[in-house]
Amino acid sequence: MKAELTDVQREQLEKVPTATREDRFLVLLEEHRKILYKVANLYCRNRADIADLVQEMALQAWRSFDHYDHSRRFSTWLYRVALNVAISFYRGETRRSRTMVPTGESILEIAAEASESSDLQDQLQLLRGFIDQLDGLDKALVLLYLDENPYSSIAEVLGISESNVGTRINRIKQRLQRGWADHMRKEHTHGVR
Amino acid sequence: MEFDELKRAWQECDRKLDTSLHLNRRLLQSSMPGKAETVLKRLSQWLWVEVLLSLVVAGWLGSFVWHHAAQSPFLIPAAVLDLCAIVLVLAGIHQIVAISRIDYSAPVVVFQKRLESLRVERIRTTKWTLRLAPLAWTLLFIVAMKSLFDVDAYIVFGTARLAGSVIFGLLVVAAGIWVSRRYATHVGHNLIAATRFLHSVSEFEGEEMIGKVHALLSRLLRRGGLLRG
């Protein structure tokens with residue numbers, strides 16, 4: 001079942017007089033929950049840290065919800081909040097106490113582990129290894145690119161120009177290719193020995 | 001291996017998340033209203049405490065200056081300390097205002113620059129407060145003895161001993177500065193990390209010009225038929 005709401009459903013919700021600000025926020029967050037999960041997974045390895053980070057992002061989004069301009073895309077706004085929290089968290093700046101997360105519970109829960117093919121797992125592991133080498137800002141750029149955001153949205157989230165986005169992405173791609181070539185060379189050398 | 005091959009793997013994983021990821025509404029709702037106590041909020045609360053304490057000290061010193069305006073041996077140390085306390089109050093208020101203006105929904109580059117600048121400012125304020133503290137002790141001692149016990153430290157301990165203490169304080173300050181410069185990588189680790197990060201954010205943002213030049217060149221080459229697409 002696809003959890004995303006249609007524009008019509010969202011508009012209907014906006015019209016419901018009893019729908020509180022909290023309800024609207026929850027509906028939008030539900031619709032874009034994957035953003036929180038993906039950002040947290042990219043910046044943290046540890047499960048407890050991921051749960052902490054997701055909670056921090058959700059709470060910070062709630063606190064900043066007054067600043068959200070409803071005429072603009074919620075996803076762009078949520079990416080900004082999530083990435084700002086994650087980069088700060090990743091730098092150890094906003095690491096907070098874990099007392100707010102009850103043991104074994106998280107704001108985002110995965111019902112069942114997705115059964116991935118070994119090929120897919122290998123590729124994801126490779127991608128993960130590559131992304132881990134990037135700094136906080138480049139990680140954000142790669143995530144936005146992988147999520148198929150257009151350059152204009154990436155530029156809007158990060159606060160840089162579209163041409164800069166293009167230049168940086170090309171550079172990252174070249175770096176990946178170089179890294180991959182080195183990796184293959186090493187594999188080959190080990191194979192020969 | 002092309003980046004776009006990995007992109008496909010990512011999208012496959014993304015599709016699977018749709019069905020397996022659920023928002024725990026109950027937990028979110030229970031922790032939502034007004035409980036977002038971030039480190040920034042805690043820092044802001046701590047800064048308020050600092051500002052209030054500095055204000056109390058500044059008020060006490062101001063009153064001392066007022067009552068000893070005609071006695072320069074007491075007026076000068078108290079005025080110097082009062083000035084330092086006022087600077088600390090202003091620095092604290094400046095940081096509180098800066099924290100209150102931080103908006104998590106601002107563009108990433110803008111937010112990170114603001115946050116890191118704030119961090120640098122905080123580290124610098126703490127560093128200079130600690131560095132200059134050895135100088136303040138003698139002055140504070142003179143003022144406190146007079147204010148709390150009505151004892152004239154110049155008479156009891158002698159001007160030479162007090163002057164010696166100030167000189168010793170100066171030496172400690174100089175030694176502190178030398179040590180922090182000599183072993184900057186160890187002592188000022190946080191400041192270095194913060195300024196490095198600020199530099200990397202500016203660099204990230206600074207690619208702007210390169211991007212513009214690149215776009216302009218591509219346009220020109222396309223017009224000249226030297227580049228396709």
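Because the structure is predicted, anything quoted here is derived from the model rather than measured. Below, each value reflects all heavy atoms present in this structure, side chains not excepted, and no hydrogens, waters or symmetry copies. Each chain gets a letter, A, B and so on, in the order its sequence line appears, and its residues count up from 1.
- Among A:Asp66, A:Val81, A:Asn84, the single residue meeting the side chain to side chain contact (heavy atoms under 4.5 Å, CB included) criterion with B:Ser105 is A:Val81.
- For a residue to count as touching a neighbouring chain, one of its non-hydrogen atoms must lie under 4.5 Å from one of that chain's; by this rule A:Glu156 touches chain B with the backbone only.
- Neither the backbone nor the side chain of A:Tyr79 comes within less than 4.5 Å of any heavy atom in chain B.
- A donor and an acceptor atom, one from each side chain of A:Asn164 and A:Thr167, are nowhere located under 3.5 Å apart.
- Contact check on A:Arg45 versus A:Asp132 returns a salt bridge, with a Lys/Arg side-chain nitrogen under 4.0 Å from an Asp/Glu carboxylate oxygen.
- Between chain B and the options A:Tyr145, A:Tyr68, A:Phe130, heavy-atom pairs under 4.5 Å are most frequent for A:Tyr145.
- Interface check for chain B: of the options A:Thr76, A:Val157, A:Leu83, A:Asp135, the most heavy-atom pairs under 4.5 Å are formed by A:Val157.
- Looking at A:Asp147 and B:Trp10, their side chains do bring a donor and an acceptor atom within 3.5 Å of each other.
- When heavy atoms are compared at a cutoff of 4.5 Å, A:Val165 does not approach chain B at all.
- Between the side chains of A:Arg73 and A:Ser153, at least one donor N or O sits under 3.5 Å from an acceptor N or O.
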